[in-house]
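Contents: one structure, followed by commentary.
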Amino acid sequence: MKRSFIIFILFLLSIPLLSWAEAKKANLIFYDQIVKPGEKVYIMARLRKGLISVKPEISGERVEFFRLTANSYQLSAKDKELKSLGIALTGTDGTAVKEIPPLKAGFHRFSARLPDTKRYSAEESQGLVACWDPKRPIIVVDIDGTVSNTDNSELLFKKKDTDPKPLKDAPEVLRRLSKNHNIIFLTHRNELLLDKTRQWLKENKFPTAPVFILGLGEDPTTSGDYENEKIEEWKKEGWNLKIGIGNKANDAEVYLENRMKAIIIGDEDDLPDKTIRVKNWKEIEKIILSTGPFGKNP
């Protein structure tokens with residue numbers, strides 16, 4: 001009788017462990033945003049399956065949001081206890097949305113995580129909401145081939161010790177330019193690389209800036225469409241996008257079409273008229289500083 005009772009107790013204790021072991025691995029992605037002071041803010045995170053999934057969206061799951069201290073890169077016990085912003089359910093597209101009050105000007109760091117669940121497990125995802133004066137000039141900067149010697153998804157399967165180095169002078173030049181401009185990073189990488197991309201930018205001492213994923217970018221004929229759509233959206237919202245920096249003809253076309261100064265680094269052929277071609281980041285700095293932050297657009 002005693003032996004049976006002990007076995008029964010051990011079985012009960014093992015149930016949470018078995019349930020957790022059955023939880024499927026998922027990916028949680030917090031999306032960066034730019035907002036204006038006084039506006040309502042809707043922070044967002046997406047829960048999805050892995051890279052090779054016909055329907056990656058995971059709906060009907062609870063996502064908890066936290067506000068972190070300005071320089072926090074780890075969800076501390078204090079953050080969990082005092083700064084929870086509440087829970088939202090993922091919709092049919094896998095996205096959970098939480099409304100929060102308007103923010104003061106500056107950078108605000110947030111985190112999303114899954115509360116205890118038997119169905120899925122996912123690592124915490126952190127990101128930025130930049131609250132800016134819309135009149136301040138903005139520089140839009142592509143990542144792959146522009147600040148990093150990488151292609152769209154080259155980092156997906158790489159380990160940390162093989163991460164690429166930034167292009168020479170890129171971090172220093174962008175830090176100096178950020179004194180008079182706001183910076184936005186764009187990339188056509190898979191969204192599963194978003195957290196890794198943020199970490200790479202931080203480790204290589206780029207200025208604090210939001211990072212936006214613009215589709216998978218597998219088809220070069222459509223990657224420009226994603227970029228153009230996003231920039232047009234920002235323009236309609238009243239953001240002062242002045243300069244675009246990239247490495248492809250598609251980048252230049254999008255920037256010029258949206259009345260921005262287009263600067264292309266590298267040896268790309270067949271660039272559109274009015275594109276400014278440069279060889280390095282020192283040239284970029286010289287060109288931008290020579291016109292000032294409010295220099296005329298094409």
Side-chain angles (χ1 to χ4, degrees), residues 27-48 57 63-73 75 79 83-91 93-113 124-143 174 178 181-202 206-215 226-242 244 254 258:
N27 298 276
L28 189 61
I29 304 123
F30 184 96
Y31 293 118
D32 290 355
Q33 293 187 57
I34 55 174
V35 300
K36 301 168 188 174
E39 286 187 340
K40 288 183 179 180
V41 180
Y42 298 89
I43 52 177
M44 296 180 290
R46 185 182 184 218
L47 184 65
R48 55 160 294 170
E57 304 85 3
V63 176
E64 188 170 12
F65 293 95
F66 295 86
R67 182 166 183 174
L68 307 181
T69 54
N71 297 315
S72 175
Y73 286 89
L75 191 60
D79 290 324
K83 298 182 180 179
S84 174
L85 298 170
I87 290 174
L89 288 178
T90 58
D93 63 351
T95 302
V97 180
K98 185 70 179 177
E99 180 183 346
I100 62 173
L103 299 169
K104 295 181 180 179
F107 292 105
H108 303 267
R109 190 171 299 281
F110 296 90
S111 172
R113 71 175 181 89
E124 168 199 347
S125 179
Q126 293 186 17
L128 288 175
V129 175
C131 187
W132 289 338
D133 178 352
K135 296 180 181 179
R136 195 168 194 251
I138 294 174
I139 301 175
V140 175
V141 184
D142 189 41
I143 293 179
L174 282 170
S178 69
H181 304 78
N182 288 328
I183 309 294
I184 289 175
F185 288 112
L186 297 184
T187 177
H188 300 285
R189 296 173 178 179
N190 188 287
E191 66 180 0
L192 297 180
L193 288 167
L194 186 52
D195 281 330
K196 188 168 187 176
T197 299
R198 291 174 177 136
Q199 186 63 24
W200 182 86
L201 291 167
K202 174 180 177 288
F206 283 90
T208 300
V211 181
F212 290 86
I213 296 284
L214 300 174
Y226 286 110
E227 192 169 14
N228 190 56
E229 181 180 334
K230 192 61 184 176
I231 289 178
E232 282 185 346
E233 177 186 323
W234 284 329
K235 282 275 189 175
K236 289 178 181 178
E237 291 173 355
W239 296 104
N240 186 19
L241 276 67
K242 301 293 289 185
V254 170
N258 287 281

Problem - Side-chain heavy-atom pair Ile43, Lys98 within 4.5 angstrom cut-off - result: yes
Problem - Glu233/Lys230 ion pair, N-O < 4.0 Å - result: yes
Exercise for the section: Any chance you could measure Ile139, atom CD1, to Lys242, atom NZ, to the nearest 0.5 Å? Expected result: 11.5 Å
Practice task
Check whether any side-chain heavy atom of Leu47 sits under 4.5 Å from a side-chain heavy atom of Leu28, and report yes or no.
Solution key: yes
Exercise for the section: Take the angle between the ring planes of Phe30 and Phe110 and call it parallel below 30°, perpendicular above 60°, tilted in between. Expected result: parallel
Handout entry: Sole residue of Tyr226, Phe185, Trp234 in ring pair (Phe, Tyr, Trp, His ring centres under 6.0 Å) with Phe212
Key = Trp234
Fill in the blank from the handout: Rounding to 0.5 Å, atoms CE (Met44) and OG1 (Thr90) come to a distance of 14.5 Å
Handout entry: Side chains of Glu191 and Tyr31, donor plus acceptor under 3.5 Å
Key = yes
Practice task
Please check if the side chain of Asp32 supplies one atom and the backbone of Gly127 the other of a donor-acceptor pair under 3.5 Å.
Solution key: no
Exercise for the section: Would you indicate whether the side-chain heavy atoms of Val41 and His108 approach each other to under 4.5 Å? Expected result: no
Practice task
Identify the heavy atoms of Ala96 and Phe65 that sit nearest to each other, and give their distance.
Solution key: O-CZ, 3.6 Å
Handout entry: Gap between atom CD of Gln199 and atom CG of Leu194 - 0.5 Å precision
Key = 12.0 Å
Completion exercise
Between Leu214 and Glu227, the two heavy atoms sitting closest are CD1-CA, 3.8 Å
Practice task
Indicate yes or no for a side-chain donor-acceptor contact from Lys235 to the backbone of Asn258 under 3.5 Å, with no hydrogens or angles considered.
Solution key: yes
Handout entry: Gap separating the CG atom of Leu193 from the OG1 atom of Thr187, nearest 0.5 angstrom
Key = 7.5 Å
Practice task
For the residue pair Arg198 and Ser125, establish whether any side-chain heavy-atom pair is separated by less than 4.5 Å.
Solution key: yes
Exercise for the section: Kindly give the heavy-atom pair with the smallest separation between Phe107 and Ala209, and that separation in Å. Expected result: CE2-CA, 4.3 Å
Handout entry: CG on Asn182 to OG1 on Thr208, rounded to 0.5 Å
Key = 11.5 Å
Problem - Side chains of Val211 and Phe206 in contact at under 4.5 Å (non-hydrogen atoms) - result: no
Exercise for the section: Starting at CG of Leu201, measure out to CD1 of Ile183 and round the result to the nearest 0.5 Å. Expected result: 11.5 Å
Problem - Arg67 side chain vs Ser84 backbone, donor-acceptor pair below 3.5 Å - result: no
